[in-house]
Q: 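Please read through the structure below; I'll follow up with questions.
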Amino acid sequence: AQSVTQPDIHITVSEGASLELRCNYSYGATPYLFWYVQSPGQGLQLLLKYFSGDTLVQGIKGFEAEFKRSQSSFNLRKPSVHWSDAAEYFCAVGAGGATNKLIFGTGTLLAVQP
Amino acid sequence: NAGVTQTPKFRVLKTGQSMTLLCAQDMNHEYMYWYRQDPGMGLRLIHYSVGEGTTAKGEVPDGYNVSRLKKQNFLLGLESAAPSQTSVYFCASSYSRQGRDADTQYFGPGTRLTVL
């Protein structure tokens with residue numbers, strides 16, 4: 001069965017520091033992979049997704065993620081974090097089939113220190 | 001273009017009461033989904049629909065019913081609310097599985113429900 005693991009429940013970084021959020025997935029075929037961000041009290045916004053092709057994916061707000069098939073990972077990175085990046089981040093994998101269902105990880109809550 | 005909207009934004013129910021949450025999308029998406037979000041558990045799929053008049057169970061369907069009478073609307077019903085249904089509910093929609101936009105779901109702002 002497909003699954004997504006986000007091993008870090010909570011991360012704190014200083015403003016201006018680099019960021020890497022981890023995501024590992026379990027999926028039998030080539031997956032569709034997503035990162036969503038949820039600001040406090042808001043819905044989820046798509047940051048980026050991996051569909052096929054280039055394994056380094058660029059997203060909005062200066063984020064990028066790298067698909068590594070050998071490690072079953074899709075880690076999210078940002079070179080310099082801004083205070084406005086404080087939010088919860090969810091990794092998700094497309095569950096396959098004809099329904100576009102997504103399997104979400106449990107999320108990583110990012111706090112940004114001034 | 002409002003995207004995905006949800007009503008109401010907040011609701012407090014007593015145990016045993018019923019209510020319906022409304023989701024509407026104006027993107028002409030075929031697929032629609034209802035999730036619940038609980039601390040430490042991410043988003044879990046309750047029910048989904050791949051087209052008008054069709055619905056299917058997701059991961060946690062018990063205690064909920066859904067209907068998709070119109071393509072743009074997806075209703076989530078709680079017939080007899082229980083405290084375990086206290087959660088934040090999100091609706092999402094997507095195109096059918098074709099092309100590079102396949103699988104991308106667009107989310108509404110959520111409904112925060114408390115059952116006392």
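Computed from a predicted model, the values in this text were never measured in an experiment. Reminder, nothing fancy here: chain letters follow the sequence lines and each chain counts from 1.
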Q: Are Phe74(A) and Tyr27(A) connected in the hydrophobic side-chain network, where two residues link if heavy atoms are under 4.5 Å apart?
A: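 Yes, Phe74(A) and Tyr27(A) fall within the same hydrophobic cluster.
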Q: Give a yes or no on whether Ile46(B) and Tyr31(B) share a hydrophobic cluster (residues Ile, Leu, Val, Met, Phe, Trp, Tyr; joining criterion: side-chain heavy atoms under 4.5 Å apart).
A: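 Each belongs to a different hydrophobic cluster.
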Q: What I'd like to find out is whether the side chain of Leu44(A) reaches to under 4.5 Å of the side chain of Leu43(B), using heavy atoms alone.
A: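 Counting from C-beta outward, Leu44(A) and Leu43(B) do come under 4.5 Å.
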Q: Is Gln38(A) close to chain B through its backbone or its side chain, or both, or neither, when contacts mean heavy atoms under 4.5 Å?
A: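 Contact with chain B: side chain only.
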Q: Hey, which of Val4(A), Ile103(A), Thr106(A) has the most heavy atom pairs under 4.5 Å with chain B?
A: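 Top count of heavy-atom pairs under 4.5 Å with chain B: Thr106(A).
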Q: Shortest non-hydrogen contact from Gln105(B) to Tyr36(A)?
A: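 Minimum heavy-atom separation between Gln105(B) and Tyr36(A): O-OH, 2.8 Å.
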Q: Checking Tyr32(A) side chain against Thr104(B) main chain: does a donor-acceptor pair fall under 3.5 Å?
A: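 Such a contact is absent between Tyr32(A) side chain and Thr104(B) backbone.
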Q: Heavy-atom distances under 4.5 Å only: say whether Ile9(A) touches chain B with side chain, backbone, both or neither.
A: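 Neither part.
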Q: Just wondering, do Met41(B) and Phe104(A) contact through their side chains at under 4.5 Å, heavy atoms?
A: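 With C-beta onward as the side chain, the pair stays apart.
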Q: Same cluster for Val115(B) and Val88(B) if Ile/Leu/Val/Met/Phe/Trp/Tyr side chains link at under 4.5 Å?
A: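 Shared cluster, no.
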Q: Can you get from Leu47(A) to Ile11(A) by hopping between Ile, Leu, Val, Met, Phe, Trp and Tyr side chains that sit under 4.5 Å apart?
A: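 As far as the 4.5 Å side-chain criterion goes, Ile11(A) and Leu47(A) are connected within one cluster.
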Q: Would a 4.5 Å heavy-atom cut-off, applied to side chains only, mark Phe107(B) and Gln42(A) as touching?
A: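 No, side chains not in contact.
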Q: If two hydrophobic side chains count as joined below 4.5 Å and joins carry through other members, does Leu75(B) share a cluster with Leu69(B)?
A: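 Different hydrophobic clusters.
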Q: Please name the pair of heavy atoms, one in Gln37(B) and one in Phe90(A), separated by the smallest distance, quoted to 0.1 Å.
A: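 Nearest pair, atom of Gln37(B) first, then Phe90(A): NE2-CZ, 3.1 Å.
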Q: With a 4.5 angstrom heavy-atom cut-off, could you sort out which part of Gln6(B) is near chain A: side chain, backbone, both or neither?
A: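 Neither the backbone nor the side chain of Gln6(B) comes within 4.5 Å of chain A.
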Q: Under a 4.5 Å cut-off applied to non-hydrogen side-chain atoms, are Leu102(A) and Tyr35(B) in contact?
A: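 They are in contact (side-chain heavy atoms under 4.5 Å apart), so the answer is yes.
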Q: For atom CD of Glu79(B), decide whether the heavy atoms of other residues, nucleotides or ligands shown that lie under 6.0 angstrom number more than 12.
A: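 No.
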Q: More than 12 heavy atoms of other residues, nucleotides or ligands under 6.0 Å from CZ of Arg44(B): yes or no?
A: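 Count over threshold, so yes.
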